[in-house]
Amino acid sequence: MYSLLLMALGGLLIGGAYTFYQQKTPRWLPICFVILAAMSLVAAYLLTLKG
């Protein structure tokens, strides 16, 4: 269940990063969103591993 929520959060963060990139915001903001999305997706993957 938590892995599904983390994957959804990762998708929302990727969408936010893309939106901020298109709006020409400071470069650090979309980079932070991408890093958080990657961390969320890695956590979702690790929760799906057995044992």
Side-chain angles (χ1 to χ4, degrees):
M1 179 65 183
Y2 289 115
S3 61
L4 182 64
L5 293 175
L6 285 170
M7 284 190 284
L9 176 64
L12 288 173
L13 287 169
I14 290 291
Y18 181 69
T19 302
F20 282 129
Y21 177 75
Q22 283 187 331
Q23 292 177 0
K24 306 290 189 218
T25 57
R27 197 59 53 201
W28 61 268
L29 191 60
I31 290 172
C32 288
F33 269 61
V34 168
I35 290 170
L36 288 173
M39 290 171 50
S40 175
L41 293 174
V42 168
Y45 171 72
L46 291 176
L47 282 174
T48 62
L49 295 177
K50 299 282 185 192

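Only a predicted model underlies this, so the values are computations on that prediction, with no experimental measurement involved.
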Sequence neighbours excluded, which residues qualify as side-chain contact (heavy atoms from CB on, under 4.5 Å) partners of [X]?
X	result
L47	Y2, S3, L6
I14	A37
T25	F20, Q23, L29, P30

Residues passing the side chain to side chain donor-acceptor pair (under 3.5 Å) test with Y18, sequence neighbours excluded, are Q22

Least distance between heavy atoms, A17 atom then V34 atom = CB-CG2, 3.7 Å

Pairs meeting criterion side-chain hydrogen bond (donor to acceptor under 3.5 Å, both in side chains) with involvement of residues 30-49, two or more places apart = none

Atom pair CG (L13) and CD1 (I35), whose distance is rounded to the nearest 0.5 Å = 11.5 Å

Indicate if L9 and F33 have the same hydrophobic cluster label, given that clusters are the connected sets of ILVMFWY residues with side-chain heavy-atom separations under 4.5 angstrom.
-> yes

If Ile, Leu, Val, Met, Phe, Trp and Tyr residues are connected whenever their side-chain heavy atoms lie under 4.5 Å apart, and connections chain through other members, are L36 and W28 in the same group?
-> yes

